[in-house]
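Naming convention: chains lettered A, B, ... in sequence-line order (proteins, then strands); numbering from 1 in each chain. Everything quoted here is computed from the prediction, not taken from an experiment.
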Protein chains: 2
Amino acid sequence: MPDSKETKGRKGDHQNVARAAQVIDIIAASGPNGLRMTDVTERSGLGGSTVHRLLAGLIEHGLIDQDPETNRYLVGLKMVSWTAAALSRYGLAPYADASLERLCAATSDTVYLSYRSGNDAVCVDRREGNFPIKTLTLALGDHRPLGIGAGSLSLLAFQPEDDRRRLLAEDAVRRATYGFDTAYLEEKIAETRERGFSLNDGKLISGMSGLGAPILRRDGTAVAALSIAAISSRLEGERLTELSQMLREEAQTLASRASDVLDAELVKRHSFRKVQT
Amino acid sequence: MPDSKETKGRKGDHQNVARAAQVIDIIAASGPNGLRMTDVTERSGLGGSTVHRLLAGLIEHGLIDQDPETNRYLVGLKMVSWTAAALSRYGLAPYADASLERLCAATSDTVYLSYRSGNDAVCVDRREGNFPIKTLTLALGDHRPLGIGAGSLSLLAFQPEDDRRRLLAEDAVRRATYGFDTAYLEEKIAETRERGFSLNDGKLISGMSGLGAPILRRDGTAVAALSIAAISSRLEGERLTELSQMLREEAQTLASRASDVLDAELVKRHSFRKVQT
DNA sequence: AACAAAACTTCCGTTTATCGGAAAACAAAG
DNA sequence: CTTTGTTTTCCGATAAACGGAAGTTTTGTT
């Protein structure tokens, strides 16, 4: 039998988690009606009995569900509670909702909350304003390389310098697919650091602009970002000034509300002198 | 999970997924600052090197993240995109947001969206109104036995009869911990089916009431529910009539918008016998 | 700043859970 | 009722996970 060498990155590394994740990814990538076992089998390239055993295990632990009507497999709702745990990091969760709501109401545009995860910014929440032209560039769970998009850029700009340098070097190729070269990005980073917020004016999607502000820890690193997206004509002149101001304030409010958790990790590091109030 | 026997030496028992899920559960159950490897080791009862290998695999595939500052483990943000996929089931996702928003704005109380998952109702979204007394009984990902709580009750009431009977028998013990005996619940189910919406008046948490309406497929089974929670004095008399009406309409609107997907699975089944309202 | 203790990572022989082919059970179409 | 396709079970061979112990790094304390 021919060896399927496509998924063979390294040898002997954690086949179990790899396969489970692969199967879930396959199911997640399918539409809202789920997949039959055969579909999973052929898309994964795994043996029939392996897939069967794997699916049984995944179901038993709630990672995937099986529709009782059709016997098709769907991503399990246990992911929802795990996601709730994932979002509770930094302690932002209890306050983020209110911040997004306020910004959304005040601007009528679409507002986003993103977290940094590795080399990416991930969209973890979104609120649509009621301005008739919607700019839904990011969906829940979407991720982009750091630096691409307003929120993502404000995250990158406020990483520690060595980290920033490493990221700039590492991800050049991925960023290129979005039409961002490193020199341009460096310029934008400097601008963002100086102003305290990021502005992305139509470079990514023409006609659409974005505004982003970082959620900072006390040591100045960003762990998350708030951002606003709108058609470019709504992010110019006086309105731009006004909104960027509002956005920055909201980001600071959010950061200070969560500051206990935000800094809890840092406090115990002796490299950090704590400024108690 | 129903596995009570934890000792090693069990045969052929999907150990891989079991352990991965166990580790993620442990991390999810910890606070916003995550856990060190040792914490995971002692809480899981697994060997040190096993946990190490497992964590490495989980990280590689994004199921958990490691805070670069503290090296502590957190639930990974990949869960967010998997959750997005989980919520896309039934095709409700694109419209649910707007429905919740409308209800929330109109009532000023807290509104919830729940899905059925196995024998439980799971809270998958929530919107807080601006009435000063908040009733946040359910958080994202929380689950309750079917029948407990307004949304959950409306889900149960609109399951196929055989299923309902089975659920009533199976979960009696779990429901008892909430103070619901089966006879009472049967009465409430009948009431709910008759009215088309469920009312939970202070039985679960005294002083708090809830109102729930099912999202129905064309065959009459509920796959999800919208619900409103408020202090009891806000769900009485004329306002109760008004809100229940609004809630039912919104649930119907939502169902009809998603109907293509909602019924896609059923269409291909020739066993489409019960077309009732 | 130096030391001790705790935590993390790697190594490697042993064990055992996983693999996948084949065939039985099951379901869907013709 | 037959045919075709899908799901489930079985089983021996083997690759992958296990875990004790040794080595390395981090963390907390004097």
Side-chain angles (χ1 to χ4, degrees), chain A residues 1-5 7-23 27 33-61 64 66-73 264-274, chain B residues 3 5-23 27 30 33-61 64 66-73 265-272:
Chain A
M1 291 301 280
D3 239 9
S4 53
K5 58 183 175 180
T7 349
K8 196 84 168 286
R10 279 163 288 272
K11 47 182 306 185
D13 61 341
H14 321 299
Q15 238 54 323
N16 54 5
V17 180
R19 290 186 168 178
Q22 188 194 1
V23 165
I27 294 172
N33 285 326
L35 293 173
R36 293 169 311 165
M37 191 188 100
T38 317
D39 302 321
V40 178
T41 309
E42 71 185 16
R43 290 180 203 200
S44 66
L46 297 169
S49 90
T50 302
V51 171
H52 184 261
R53 188 159 18 82
L54 205 42
L55 288 172
L58 290 168
I59 284 181
E60 184 178 344
H61 296 280
I64 62 178
Q66 187 168 23
D67 188 304
E69 291 296 323
T70 62
N71 290 329
R72 292 173 116 92
Y73 298 98
E265 354 179 296
L266 298 174
V267 171
K268 57 176 57 167
R269 304 220 130 208
H270 45 292
S271 61
F272 179 75
R273 47 202 171 280
K274 62 176 180 179
Chain B
D3 263 15
K5 197 105 178 177
E6 267 286 338
T7 34
K8 67 170 222 174
R10 296 196 48 176
K11 46 182 297 183
D13 202 14
H14 323 300
Q15 197 170 96
N16 52 4
V17 181
R19 290 187 169 177
Q22 188 193 3
V23 165
I27 294 172
S30 80
N33 285 325
L35 257 43
R36 295 169 308 165
M37 190 186 99
T38 316
D39 302 321
V40 178
T41 309
E42 72 184 16
R43 290 180 204 200
S44 66
L46 298 169
S49 92
T50 301
V51 170
H52 184 258
R53 192 160 13 83
L54 204 42
L55 289 171
L58 290 169
I59 283 181
E60 184 177 345
H61 296 280
I64 61 177
Q66 187 168 26
D67 188 305
E69 293 294 325
T70 61
N71 290 330
R72 292 172 117 93
Y73 298 97
E265 354 178 297
L266 298 174
V267 171
K268 57 175 57 168
R269 300 221 133 207
H270 48 299
S271 57
F272 202 120

If the cut-off is 4.0 Å, is [X] near the phosphate of [N], judged by side-chain N/O to OP1 or OP2?
| X | N | result |
| --- | --- | --- |
| A:Arg19 | C:dT18 | no |
| B:Asn71 | C:dC8 | no |
| B:Gln15 | D:dC18 | yes |
| B:Arg53 | D:dC18 | yes |
| A:His52 | D:dT8 | yes |

Against the side chain of B:Thr50, the closest entry in C:dG20, D:dG19, C:dC8 is D:dG19
Considering only heavy side-chain atoms of A:Asn16, the closest of D:dA17, C:dA7, D:dT6 is D:dA17
Could you walk me through whether B:Met37 and B:Val51 pass the side chain to side chain contact (heavy atoms under 4.5 Å, CB included) check? CA-CA 7 Å; B:Met37 190 186 99; B:Val51 170; 3.9 Å; yes
Item to complete: List the steps, then state whether side chain to side chain contact (heavy atoms under 4.5 Å, CB included) holds for A:Asn16 with B:Arg19.
Response: CA-CA 10 Å; A:Asn16 54 5; B:Arg19 290 187 169 177; over 6 Å; no
Computed from five pairs at either end and rounded to 10 degrees, the angle between the axes of the helix from C:dA1-D:dT30 to C:dA23-D:dT8 is 60°
Rounded distance in Å - [atom1] ([X]) to [atom2] ([N]):
| X | N | atom1 | atom2 | answer |
| --- | --- | --- | --- | --- |
| B:Leu46 | C:dA17 | CG | P | 14 Å |
| B:Asp39 | D:dT27 | CG | C1' | 14 Å |
| A:Arg36 | C:dA27 | CZ | P | 15 Å |
| A:Met37 | C:dA28 | CE | P | 15 Å |

Is A:Asp67 close to A:Asn33 at the side-chain level, that is, under 4.5 Å between some pair of heavy atoms?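 They are not in contact (no side-chain heavy atoms under 4.5 Å apart), so the answer is no.
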Task: Check: B:Ser30 and B:Asp39 side chains under 4.5 Å, non-hydrogen atoms - done: no
field: Intermediate values then yes/no, side chain to side chain contact (heavy atoms under 4.5 Å, CB included), B:Tyr73 and B:Ile59
entry: CA-CA 9 Å; B:Tyr73 298 97; B:Ile59 283 181; 3.5 Å; yes
Shortest non-hydrogen pair, B:His61 vs A:Ala21, comes out as CB-CB, 4.0 Å
Scan nucleotides 20-22 of chain D against the protein and return all N/O pairs shorter than 3.5 Å with their distances rounded to 0.1 Å.
{"residue": "D:dG20", "atom": "O6", "partner": "B:Ser49", "partner atom": "OG", "Å": "3.3"}

| said: Walk me through whether B:Leu55 and B:Ile27 qualify under side chain to side chain contact (heavy atoms under 4.5 Å, CB included). | reply: CA-CA 11 Å; B:Leu55 289 171; B:Ile27 294 172; 4.2 Å; yes
